[in-house]
Amino acid sequence: MESDSVTSSRRTVEEIFKDFSARRSGIVRALTQDVGDFYMKCDPDKDNLCLYGLPNDSWEVNLPAEEVPPEIPEPALGINFARDGMNRRDWLSLIAVHSDSWLLSVAFYLGARLNRNDRKRLFTMINEVPTVYEVLSGKVQMKDRSGIDSASKSRNSVKRSSEPQARNPAKNEAYDDEDEEEERETCGLCGGNYNANEFWIMCDACERWFHGKCVKITPAKADSIKHYKCPSCSSSKKGRT
């Protein structure tokens, strides 16, 4: 929760989108990388709790604002009460959907003074980024790379800038038609676009690709991993035990 007045000055589309991206990043981290800590903070014995994405790329579980009306739109209330009464995966997915709605409401609250064209541009920028629910549910899939050597893929599922064949499989006519779309492929966690100069790793469970830095995996660490599972798939497995 923030105490500063968010409506005290007019914000540009870029400033609002930066705020949206930071809050979204924090929520994605809470539901994936930090899911264990997030789960513990959502104690059903506590009062109504909310998940807040913060403008500094972090997150917090806290009580709702006491002011009426609140400084900014409030996220879903009482997320902790359903924690033990639902399948863990379903519970996280429900929070993801509510969080996506909250992120949009905050963005357009901050953009209340924007004109029609700027509001449209803001929505377009937001719509280019995978939703929290899409990240969590695995609906953001990378394109099938039929030309990738299956042996090297199963060995450690790692993208390296020094191994361009893992990113540029042998081309055929059908694949050529998808070149432009492939360039827009995104990290399954942060939604960032592919960059050949960055280290990527693929989850052997859901087959999504991730920035190594987003899942805290270095090239050296990846070499010692036989079968890699992303934070989302790892948390899903724990939820079934």
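Values below: every heavy atom of this structure, side chains too, minus hydrogens, waters and symmetry copies. These numbers were taken from a predicted model, which means no experiment stands behind them.
Side chain of Asn87 to main chain of Asp90: a donor-acceptor pair is present (N/O by atom type, distance under 3.5 Å, no hydrogens or angles). Side-chain N or O atoms of Arg23 include none that pairs as donor or acceptor with a backbone N or O of Ala107 at under 3.5 Å. Proximity of a side-chain donor or acceptor of Gln33 to a complementary backbone N or O of Cys214 within less than 3.5 Å is detected. At least one donor-acceptor pair closer than 3.5 Å links the side chain of Asn80 to the backbone N or O of Asp43. Put simply, the side chain of Trp102 never gets that close to the backbone of Ala76: no donor and acceptor are under 3.5 Å apart. A donor-acceptor pair under 3.5 Å links the side-chain atoms of Arg24 to the main chain of Pro130, judged by distance alone. The backbone N or O of Val28 sits less than 3.5 Å from a side-chain atom of Thr32, completing a donor-acceptor pair.
Listed here is the closest heavy atom pair of Cys230 and Arg208: SG-NH2, 3.6 Å. The shortest heavy-atom contact between Gly188 and Phe210 is C-CE2, 3.5 Å. Heavy-atom minimum distance, Cys42 versus Leu49: CA-CD1, 4.3 Å. Residues Ile16 and Gly111 approach most closely at CD1-CA, 3.4 Å, considering heavy atoms. Taking both residues in full, the closest heavy atoms of Ile201 and Ala222 are given as CD1-CB, 4.1 Å, listed atom of the first, atom of the second, then distance.
Hydrophobic clustering of Ile, Leu, Val, Met, Phe, Trp and Tyr side chains at less than 4.5 Å, counting indirect connections, unites Phe108 with Ile72. If you chain together hydrophobic residues whose side chains sit under 4.5 Å apart, Phe81 and Met40 never meet in one group. Follow the hydrophobic side-chain contacts under 4.5 Å out from Leu77 and you never reach Tyr52; the two are in separate clusters. Put simply, Phe20 and Val97 are part of two different groups of oily side chains (I, L, V, M, F, W, Y) that touch within less than 4.5 Å, one to the next.
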Check residues 118-127 and write down every donor-acceptor pair under 3.5 Å in which the side-chain atom is one partner and the other belongs to a residue at least two apart or another chain.
from: Arg119; atom 1: NH1; to: Leu114; atom 2: O; distance (Å): 3.0
from: Arg121; atom 1: NH1; to: Glu14; atom 2: OE2; distance (Å): 2.7
from: Thr124; atom 1: OG1; to: Lys120; atom 2: O; distance (Å): 3.0

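The CG atom of Asn62 sits 9.5 Å away from the NZ atom of Lys41 when rounded to the nearest 0.5 Å. Rounding to the nearest 0.5 Å gives a distance of 11.0 Å between CH2 of Trp59 and CD1 of Ile27. Going from atom CD of Glu74 over to atom CG of Asn48 covers 11.5 Å, rounded to the nearest 0.5 Å. In this structure, OG on Ser99 lies 13.5 Å from OH on Tyr133, to the nearest 0.5 angstrom. Atom CH2 in Trp209 sits 12.0 Å away from atom SG in Cys187 (nearest 0.5 Å). A distance of 10.0 Å separates CD of Glu207 from SG of Cys233, quoted to the nearest 0.5 Å.
Taking 4.5 Å as the limit, some side-chain heavy atom of Asp19 sits within range of a side-chain heavy atom of Val106. Taking the side chain as every heavy atom from C-beta outward, Lys216 and Lys221 never approach each other to under 4.5 Å. At a threshold of 4.5 Å between non-hydrogen side-chain atoms, the residues Leu94 and His98 count as touching.
The side chain to side chain contact (heavy atoms under 4.5 Å, CB included) test applied to Ser21 returns Phe17, not counting sequence neighbours. For Val35, the side chain to side chain contact (heavy atoms under 4.5 Å, CB included) partners two or more places apart in sequence, or in a different chain, are Arg88, Leu92, Ser235. In this view, His211 and Trp200 satisfy the ring pair (Phe, Tyr, Trp, His ring centres under 6.0 Å) rule, not counting sequence neighbours. Here Trp91 pairs with Phe38, Tyr39 under the ring pair (Phe, Tyr, Trp, His ring centres under 6.0 Å) rule; sequence neighbours left out. Residues passing the salt bridge (Lys or Arg N to Asp or Glu O under 4.0 Å) test with Glu15, sequence neighbours excluded: none.
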Are Tyr228 and Val215 close enough, and set up right, to give a side chain to side chain contact (heavy atoms under 4.5 Å, CB included), and what steps lead you there?
CA-CA 11 Å; Tyr228 173 71; Val215 292; 3.2 Å; yes
